[in-house]
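Shown next, in structure tokens, is the structure this report addresses.
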Amino acid sequence: MSRVKTVELLAPAKDYASAVAAIDCGADAVYIGGARFGARQAAGNDAGQIARVAEYAHRFGVRVHATLNTLLWDSELEDAERQARELIDAGVDALIVQDMALRRMNLPVELHASTQVSVRTPEMARFLGDAGFARVILERALSLDEIRAVCAATDAEVECFVHGAICVGFSGRCFLSRSMSERSGNRGACSQPCRLPWDLTDGAGRTYLKSKHLLSVRDMNLSQRIGDLLDAGVASFKIEGRLKDTNYIRNVVAAYRRAVDEALAVRPALRRTSAGESVPDFKPDPSKSFTRGESQYFFDGKRSGVASFDTPKAVGERIGRVARVEGRAFRLDGPADLASGDGICFVSDGELVGTNVNAADAGRIVPNRLEGIGPGTEIFRNYDHRFNKQLSASRIRRTIRVAAQVEVSDDRIRLTCTDCEGVQAAVERAGTFDMAKNGDANVAAIRAQLSRSGETIFRVDETTVDGGERFVPASLMAELRREGLEKLLQARMAQPRPHRILPENRAARYPSPTVTAEENVTNRLAEAFYRDHGVERIEPPLELASSFAGRCVMRSSYCIRREIGECLRERPRLRGDLYIEHGTQRYRLEFDCAQCEMKLISEK
């Protein structure tokens, strides 16, 4: 643990507004997509927008990480490098990359190996650290023991996802979308076929499960495990959600800010990476924002119960079970705080159905539509109208504590402002300062004037006054305060930003003599990178395959057999090959029990 000194809460940002929301609610860093070459094609921003984000973020020492994490073709290398340099000029602190071509572009910026690189082993993490990546971002399916082993193996910082959607296949190694269409997750345009309904069959006419979301898994929530991750050596906690709205960002970031701060409070050797205090004007509750149901996935080892077979949609928080129906209304089996305008949902005939609440009074709930609701129906709230109204109206400010010292003599006044990180600025005026009629009242007036920090990012909460017996006009004190805090902001912005821009050590050896097809070497610079690091054989990239017939298009720690109680290690009733089918698409399930992994093999 001695090598991990600072800890970062990393939040998603779709655009400038969501970046500001994340920063105001306590994020230590944000990650945001550039105009192109990001794994969320619908969340792109031009360099001007990102420059605005960086300017706002850097006031608080918040870092900005830009995603440039898709595969690149040879014809795109020049454009990708141009965009990378534009982002660097815009002030980003790091680039998150998948394609090793970017490691070869001599970019003056910190590089992070994206989750799309699919880091799952200590050996791969060690190699990337040796090859000049300042940080590795882990695959979401790892257990705490596996995370601990990765942290121990590398000098690179380790970042892991703690909240949000989970890719059921290994990130960057999934070709399910690409095998069904031209849309590819490795190019930022995944069609999310894992969220579709599938049939589980024997491939010969027998159907075991019909129209179930067999590959859809619940969302991740590791808010109760932050301490375990800190002790393992994780340096950055990442929230998923670059396509989510600002209410989601406010709520989830505020909740994790609290969780991280509580964990840091009992670990004095660690501190957060940015400055400022955010006090929410709402009570954070991630269950009230978009969620497919909470899961710690495989954090404590591989297990069943992580799937969401009935729906890939947000179900929200469980409210209760219907006790009885009264005309066009129903009552639950316990108290509930439903209100008019809330969105509720329930499963009917195997499908998730949603409706709105028109009225709720004394336990009697009147939905917009009652069809499908009967005694025993389990009700969830997937939209809390009052809570979201509160989030939308939130005026949460992030402020940096400042100590002010005022020194008054008969011919000069000096104000020195020192923030919580020791950054300092001073302003002064010459003048004539006569004795005040009431020294105590004069000091009180000075302190009151300094506390009015207005719309600045500062909060003056400590003031010392030397020479308070000399009268200082309120207008002059206000002028000094404005000038002093502006100068302090400039001093903060002028502070060097910490970074780890590392050279590529070409002596580092890739963990295998072969780069497989699913690792996708799609351009000449990436090929040269692997060759220089000892790779003898590079297979043609699966991303560019003309046919996927007989090819593995997904590998996953998730297993349908385990999920339905038919694990091959536990005397299953279902024998022989199993398939999943959707329309004309069919994939054979292959089970690697030695690795405890499932593969999808395309049939066409």
Side-chain angles (χ1 to χ4, degrees), residues 38-42 69-71 98 114-118 120 139-141 161 164-201 203 209-220 240 243 292 297-298 306-309 311-313 516-520 522 539-564 577-592 595-604:
R40 292 290 183 272
Q41 213 173 69
N69 56 342
T70 62
L71 297 175
Q98 174 183 11
S114 170
T115 190
Q116 292 292 105
V117 179
S118 201
R120 306 191 300 276
E139 160 61 39
R140 276 164 268 209
F161 283 90
I166 298 170
C167 287
V168 65
F170 293 144
S171 299
R173 305 292 182 261
C174 180
F175 305 87
L176 184 59
S177 176
R178 178 68 182 82
S179 71
M180 296 172 67
S181 69
E182 291 300 312
R183 295 180 59 181
S184 167
N186 286 310
R187 295 282 291 168
C190 181
S191 63
Q192 295 196 318
C194 53
R195 303 297 183 183
L196 293 173
W198 295 85
D199 298 338
L200 181 65
T201 77
L209 289 171
K210 180 73 174 174
S211 195
K212 290 292 184 181
H213 301 273
L214 298 174
L215 298 175
S216 183
V217 295
R218 299 174 186 270
D219 288 354
M220 178 178 281
E240 180 275 339
L243 297 179
R292 299 178 179 90
Y297 207 39
F298 301 135
V306 301
S308 179
F309 280 0
T311 179
K313 299 177 182 178
T516 64
E518 67 179 22
E519 292 172 273
N520 284 316
T522 55
E539 295 179 352
L542 193 51
E543 185 67 30
L544 297 178
S546 58
S547 169
F548 288 87
R551 307 295 293 269
C552 174
V553 298
M554 178 195 288
R555 286 199 298 131
S556 177
S557 290
Y558 168 80
C559 177
I560 290 176
R561 275 191 172 275
R562 181 173 60 233
E563 200 66 27
I564 64 175
D577 286 341
L578 294 177
Y579 298 79
I580 59 169
E581 302 182 24
H582 175 86
T584 62
Q585 302 292 331
R586 185 165 80 168
Y587 299 87
R588 179 172 58 84
L589 303 182
E590 188 175 288
F591 302 96
D592 183 345
Q595 297 295 321
C596 202
E597 293 178 358
M598 180 181 74
K599 300 178 183 179
L600 268 60
I601 311 300
S602 180
E603 289 286 290
K604 68 174 190 177

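Each residue takes its place number in the sequence, starting with 1.
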Checklist entry - So which pairs with a foot in residues 188-200 pass salt bridge (charged side-chain N to carboxylate O under 4.0 Å, His left out), sequence neighbours left out? => result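 Counting only pairs at least two positions apart or across chains, the salt bridge (charged side-chain N to carboxylate O under 4.0 Å, His left out) contacts touching residues 188-200 are D199-K210.
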Apply the test side-chain contact (heavy atoms from CB on, under 4.5 Å) to residues R187 and T522: give CA-CA distance (whole Å), side-chain angles for both, the deciding distance (0.1 Å), then the verdict. CA-CA 12 Å; R187 295 282 291 168; T522 55; over 6 Å; no
So how far is it from [X] [atom1] to [Y] [atom2], rounded to the nearest 0.5 Å?
| X | Y | atom1 | atom2 | answer |
| --- | --- | --- | --- | --- |
| I560 | L600 | CD1 | CG | 7.0 Å |
| L200 | E563 | CG | CD | 12.5 Å |
| S602 | R178 | OG | CZ | 11.5 Å |
| E539 | E519 | CD | CD | 8.5 Å |
| S308 | D219 | OG | CG | 8.5 Å |
| R173 | N520 | CZ | CG | 7.0 Å |

Using a 3.5 Å distance criterion without hydrogens, assess whether the side chain of [X] forms a donor-acceptor pair with backbone atoms of [Y].
| X | Y | answer |
| --- | --- | --- |
| R586 | G203 | yes |
| R292 | K313 | no |
| T70 | G188 | no |

Identify the two heavy atoms, one from [X] and one from [Y], that lie closest to each other, and give their separation to 0.1 Å.
| X | Y | result |
| --- | --- | --- |
| S179 | Y587 | OG-OH, 2.7 Å |
| N186 | C174 | ND2-O, 3.9 Å |
| M598 | L215 | CE-CD2, 4.1 Å |
| L214 | W198 | CD1-O, 3.7 Å |
| S547 | R551 | O-CG, 4.2 Å |
| A189 | S177 | O-OG, 4.3 Å |

Legend entry - Partner set under salt bridge (Lys or Arg N to Asp or Glu O under 4.0 Å) for E543, not counting sequence neighbours: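 Result, salt bridge (Lys or Arg N to Asp or Glu O under 4.0 Å) vs E543: none returned.
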Distance to the ring centre below 6.0 angstrom and angle to the axis at most 45 degrees; does that hold for [X] and [Y]?
| X | Y | result |
| --- | --- | --- |
| R561 | F591 | yes |
| R562 | F298 | yes |
| R140 | Y297 | no |

Taking the side chain as every heavy atom from C-beta outward, state whether M180 and V553 have any atom pair closer than 4.5 Å.
no
- Would you call R555 and E518 a salt bridge, using N to O less than 4.0 angstrom?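 Yes, R555 and E518 are salt-bridged.
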Do R588 and E590 meet the salt-bridge criterion of a basic N to acidic O distance under 4.0 Å?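 Yes, E590 and R588 are salt-bridged.
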(request) List the steps and the verdict of side-chain contact (heavy atoms from CB on, under 4.5 Å) for F170 and S557. (result) CA-CA 8 Å; F170 293 144; S557 290; 3.5 Å; yes
Q.
Let's go through F309 and I564 carefully: what are the C-alpha distance in whole Å and the side-chain angles of both, what is the deciding distance for side-chain contact (heavy atoms from CB on, under 4.5 Å) to 0.1 Å, and is it a yes or a no?
A. CA-CA 10 Å; F309 280 0; I564 64 175; 3.6 Å; yes
